[in-house]
Structures are given as structure tokens and as C-alpha cells.
Amino acid sequence: MSAYAAPLKDMRFVLNELAGLGSVAKLPGYGEATPDTVDAILEEAAKFASEVLDPLNYSGDEEGSRWRDGQVATPKGFKDAYRKYTEGGWAALPFDAEWGGQGLPKLVGTAVEEMLTSANMSFSLCPLLTQGAIHALELAGSEALKQMYLEKMVAGQWTGTMNLTEPQAGSDLALVRTKAQPAGDHYLISGQKIFITYGEHDMAENIVHLVLARTPDAPEGVKGISLFVVPKFLPKPDGTPGERNRARCASIEHKLGIHASPTAVMVFEDAVGYLVGELNRGLSYMFVMMNAARFSVGLEGVSIAERAFQRALAYAKERLQGKDLVQGGKTVPIIRHPDVRRMLMLMKSQTEAARALAYVVAASMDVSSRSEDPGEKKKHQAFVDLMIPVVKGWSTETGIEVASLGVQVHGGMGFIEETGAAQHLRDARITTIYEGTTGIQAGDLVGRKIAREGGATVKEWMGHLRKFDSELAASRNSDIQSLRAHLAAAVRAVGECVDYVLATAGKDPNAALAGAVPFLKLMGITAGGWQLARAALISESKLAGSEGDAAFYKAKIATARFFGDHVLAQAGGLAATVTGGAAAVMALSEDQFLAA
Ligand SMILES: Cc1cc2nc3c(=O)[nH]c(=O)nc-3n(C[C@H](O)[C@H](O)[C@H](O)COP(=O)(O)OP(=O)(O)OC[C@H]3O[C@@H](n4cnc5c(N)ncnc54)[C@H](O)[C@@H]3O)c2cc1C
């Protein structure tokens, strides 16, 4: 079984040439992100990912986490790996120095997060959820809560969870029923939460649950939901874990994938909880944090795609079947067959496109949070808001497609667990579901991010792409010219869809939403194509100046061209579906779906 090797060459190219790490490092507070430091971090993270986490990925999947009498044992090796993770300072990487963090840009944290997730997605979920809980406390927690929890969580000594979902409240959190009864300086929390990632485990000394609940006189719906901290062990005044709180794990789920990540049913029976921020504003705090969490899940799509691609490539070079169509002769490795190459190129080009888009969005997150220029801040925040549902929805759908192609490249062996290809497909499958399904992302894109603001940000982005077309026009490379034509057609297709959304969203929301997912895909391939086109232009100029690794730059141009011919070429069809397909979506009555 092939081992994971972090794609450092592509990561460095994307960080420096596309996402502008140099400018990000000049933002206030990011002085630590010097080229040497970032390089050392990438090297060390790559080592940690392939030497510590990757070897536990397959065994962790086979063994799974196990529940017994309310306790959860993670698979062999996970506890030790988590100790190494915290001792290595990885947990603290993207957080403020005030709480013991290393204060590095989101952009650098993104590259590290990709590596850890590629190597072992189940493991990476514990830090992902902890980061979400830290953001919630940073955003809205009182000084006392911050003092009590943040340092331990940033260090990774205590982990965090997000307790949103209940049996009747999934996508629709307005239906949350968990109760919070006031009791002096705290609340007593009662109710059941399901699907809670790392709700119980044995890797850290305490677990800090962030729980959505309602106080007795709270208004109905989303306006009556508050956020509470409910620790597994109530901290003593000296900050060490004390008495066990009445929050217990009733069971963990048997799932399609991410077997090593425990997905807990949590029962709260008058558990002590502390209000975070103001009463009834829980969901609005969640929405602010969701950008970070949705981004991270989008990055899971990139990570799994990269891992699946590496495995398929290794297999394609080693598996011997059939003859070379032109040369004949001996049996050849399957990578010689055009269809296998097509699949590998689909895997490679879509992974690189999704990575580039995610890193560029991460850089904008840094600018929007740290720039001292209010105009810049606002512009980058608007771009981030527009692109988050695209990064989440498109990268995860792409991750599943790439993992599925990985199985196909392996042939029958892909369907057999021992190659590891099937695990990637099973693990990837959850990414389009949690943190808001693709349908929810697409609805957010069409409704809140486009229709609500009259398409202002998306139109500005399209204007930027049209200007970029003149840069592409100056290229003398025929591959880049071919890509340019596909990108221009995709931008026109986006424009048609935006006009359609703006015309229909107000008077016929069903018509606007019926094609929201194909529209999200169109946005994803256009944004990904834009990044690959930028990569191709930069590569052309590097080659002209005889700078750096010629083979890498030539491959970049060829990969970008492939993406144009095979992926961007779908843009017109997607636009036709969005603008013309709504009536048929809504045509059947509910009884007509199954003709009895
Ligand atoms: C492994 C795993 C880990 C998880 N981890 C956590 C966690 O740590 N914390 C937590 O709180 N939750 C967690 N979840 C829950 C997860 O976020 C929910 O499953 C998800 O939000 C979807 O909710 P649901 O399962 O109730 O599906 P439903 O909301 O019932 O959705 C079913 C289908 O209907 C569609 N749908 C529903 N409403 C709409 C709408 N308004 N518009 C368009 N389509 C719609 C959905 O897209 C989906 O296709 C986890 C789930 C799993 C499986």
C-alpha cells in the first residue's frame, strides 16, 4: 500500500505564487511567518503526517473507535499520536499568542491542515472541532470563560465539540429542543444531541462541549437559541479537571466511513453549563464560526482527493495489463492506457484546482481579519463570504468524485478493502453532508450570497475574471489559449445564471433553488479554472525565464489545459440546466414519483 507524501512542491507554488504568502506575511501580527519559518513548518508537518498519522489511517479504519459503559477507546496508536500532535505544537499553530498560540496566518495553517487530513481524516476531525469551539469562545465568551478554557484548548490539552444536531433538528436548527434552566451563575442543560464528533474519547484529559439549547422563556425558532459551554469535567478553580459533569455518551454510531472518529450520542441530564455571549444569540455566533468550519470541511475534500490520487497513481504505474496501443510488445502498466490517463488527469487537475481556490480564499480570510485598510478588509470579506459555500460544496463533491475515480483506476482491487482506495471513498462520503449539505451550501450561495445583495460581489468577481482574460490573451502558448476560450465561456455561463437567479429568486424561489447545486458546481469549476489559468500563466513566464523546475511548470500548463477541455467544457451544459431545468424539477406531484 503506497504511503502518503505531502505534495510540497504544489503547496509551495500555490502558497507563494497564487495565494500571495509574501503579502499575507506582511499583515499585522504575522511577522513570524518568514519564508524560512514557513518552510520549516511545512517540512515538519509533512513528516508528522506521513510518519505518525498515515500509518494509523488503515488500522484505525479497521479497528474503529469502541464504546463501553459510556467510555470511548480510540484505535491503537491514536492516543500516542495525539500526544505527539500537542507536544509538537500543532494544535496551537493558527491561534493568537495571547492564548499560547503561534499566531501564524490561516494560509499556513491551511497547508498544514491539508497534510494532516490527507494522512488521517478521522484523526484530523478532533482538532477541526476543537478549533471551532475555540473560535466560538474567542468570539463570544466572557473573559472568565476565555481564561478558564482557551489556553488549555489552544494547547490541545482539552478538546472541543460542537453539539448542534438533535434527532429532529439537522439542517433545520430552528427545531433544537435541548433545555437550559437558569441556576444561579450557570444553567442546567438537559436534552439529547446526536452525531457529535469526538463527543467522547480517550485522547485528552477534558472535553469542552459547545451546546445549542433554549432557556424556558426563549422565543420559538432560531431567535430563541443560546450557546453554552458544558465541560465533561467541571474545572476546579486552579484550572485542573474536577467533578464529572452530567453529560454522558450514550453510544457511538456505526458508520460508512471515518470509523476511527467517534460520532457520539450525547445525553445531558441537568449538566452544568455556562452561557457563551448573550442569550438567544447562539445561532448568530454559530454563523460567524461556520465560515471557518465550512472552509475546513471543504479542505477535507481537497485532502482526500490528494490522497486518493496518490494511491491511484502508484497503482497505475505498477499494475500490468494490456499492450501499448501504438507500440504493441510487452504487457504494460495501466498508466499507458488513454482512459486510465484521463482518469488520473481528472483526479490531478481537479485536486490542484480545488487546492488553489481554497488557499486563495484562506489568504483572503487573513486579509479580511488583519488588514488595517477598511476597504481591503471589506472587499476580501465579501469574496470569502461568496466563496465559502463554493469551497465547501464544490471541493467536497469533487473529493468524492476523485475518490470514486481512485477506486475505478484500481479496477476490482479498488472494491477490495486491502488497497485502501475504498476507504477514501467511504471517508469522503460524509464531507458533503456535515457542516451543511451541498443543497444547503447551494441555497446559501444563491440566496444569501447572491440574490440578497443583488449580485454585487459575484458581479465584481466576474469583472475581475474579464480583466484577467486580457492577461491570458497576451500568452503565446496554444494550451493557454485553449484554456482561455473555455474560461471565457464559463464566465459567460456564470453571468447567465446570475441574471437568472436575480430575476427569479424574488418571485419564484423554487425556480432559483431548483438549479442551485448545478450552479454551485459551475461556480466551482470556473473559480478553479481561474486559478489553474493563473498557474499556467505564471508557469509560462517561469519557463521563459528558465527559472526553477521546468518539468513542474510544463505539467502545470498541461494540467490546466486538460481542466479546460474536460471540466470547464461542461460550463455551458450546467448553465442550461440552471436556467432551463427548473420547471421539470418541480413538475411531478409527490404521488407521481412512483407510478404504482
Ligand atoms: C459522521 C457525522 C458527524 C457529524 N458531526 C457533527 C457534530 O460534530 N456536531 C453536530 O452538531 N452535528 C454533526 N453531524 C450532523 C450533521 O451536521 C447533520 O447530519 C447535517 O447537518 C444534516 O442534517 P440531517 O442529518 O438531519 O439531514 P436532514 O436535514 O434531514 O437532510 C436530509 C436531506 O434533505 C436535504 N435538506 C434538508 N433541508 C433542506 C433545505 N432547507 N433545503 C434543501 N435541502 C434540504 C439535505 O440536503 C439532505 O439531502 C454529523 C453527522 C455525521 C453523519
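Note that ligands are numbered from 1 as they come in the structure, with each ligand's atoms numbered from 1 the same way.
- Inside a 4.0 Å radius of atom 49 (O) of ligand 1 there is not any protein heavy atom.
- Taking only nitrogen or oxygen atoms, main chain and side chain alike, I258 does not reach within less than 3.5 Å of ligand 1.
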Quick one: side chains of residues 169-178, donor-acceptor pairs under 3.5 Å with protein atoms, not counting sequence neighbours, listed by atom name and distance.
unit_1, atom_1, unit_2, atom_2, d
D172, OD1, A174, N, 3.3
T178, OG1, E166, OE2, 2.6

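- The presence of a protein heavy atom under 4.0 Å from atom 35 (C) of ligand 1 is ruled out.
- Counting heavy atoms only, S171 comes closest to atom 28 (P) of ligand 1 of the residues S171, G170, P167.
- Between the side chain of N245 and the main chain of F233, no donor-acceptor pair closer than 3.5 Å is present.
- Between L164 and ligand 1, a contact under 3.5 Å exists for at least one N or O pair.
- Distances between N or O atoms of D172 and those of ligand 1 include no value under 3.5 Å.
- Of the candidates H209, E205, H201, T159 forms a side chain to side chain donor-acceptor pair (under 3.5 Å) with just one, namely H201.
- Residue contacts with ligand 1: E435 is included, with a non-hydrogen atom under 4.0 Å away.
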K449 vs Q441, side chain to side chain contact (heavy atoms under 4.5 Å, CB included): CA-CA, chis, key distance, verdict | CA-CA 10 Å; K449 307 295 169 60; Q441 303 303 323; over 6 Å; no

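- Heavy-atom proximity to I430, at under 4.0 Å, picks out these atoms of ligand 1: 1 (C), 2 (C), 52 (C), 53 (C).
- Classification of the F123-Y82 ring pair by plane angle, with boundaries at 30° and 60°, yields tilted.
- Checking atom 32 (C) of ligand 1 against the protein gives no heavy-atom contact under 4.0 Å.
- Side-chain contact between V391 and V297: absent, with no pair of heavy atoms (C-beta onward) separated by less than 4.5 Å.
- The aromatic ring centroids of Y274 and Y187 lie 6.0 Å or more from each other.
- Close approach of ligand 1 to I433 (heavy-atom distance below 4.0 Å) involves ligand atoms 20 (C).
- At the top of the distance list for atom 18 (C) of ligand 1, counting protein heavy atoms only, stands T165 OG1, 4.3 Å.
- When only non-hydrogen protein atoms are considered, atom 39 (C) of ligand 1 lies nearest to I440 CD1, 3.7 Å.
- To the nearest 0.5 angstrom, T74 atom OG1 is 8.5 Å from E63 atom CD.
- Close contacts between ligand 1 and T197 involve ligand atoms 3 (C), 4 (C), 5 (N), 6 (C), 7 (C), 8 (O) [criterion: under 4.0 Å to a heavy atom].
- The N/O atoms of F195, backbone and side chain alike, include one that comes under 3.5 Å of an N/O atom in ligand 1.
- Among all protein heavy atoms, the one lying closest to atom 46 (C) of ligand 1 is T437 OG1, 3.6 Å.
- Put simply, the side chain of Q181 reaches to within 4.5 Å of the side chain of P216, judged on heavy atoms.
- A ring-centre distance under 6.0 Å is not found for H424 and F309.
- The shortest contact between atom 9 (N) of ligand 1 and any protein heavy atom is with M162 O, 2.7 Å.
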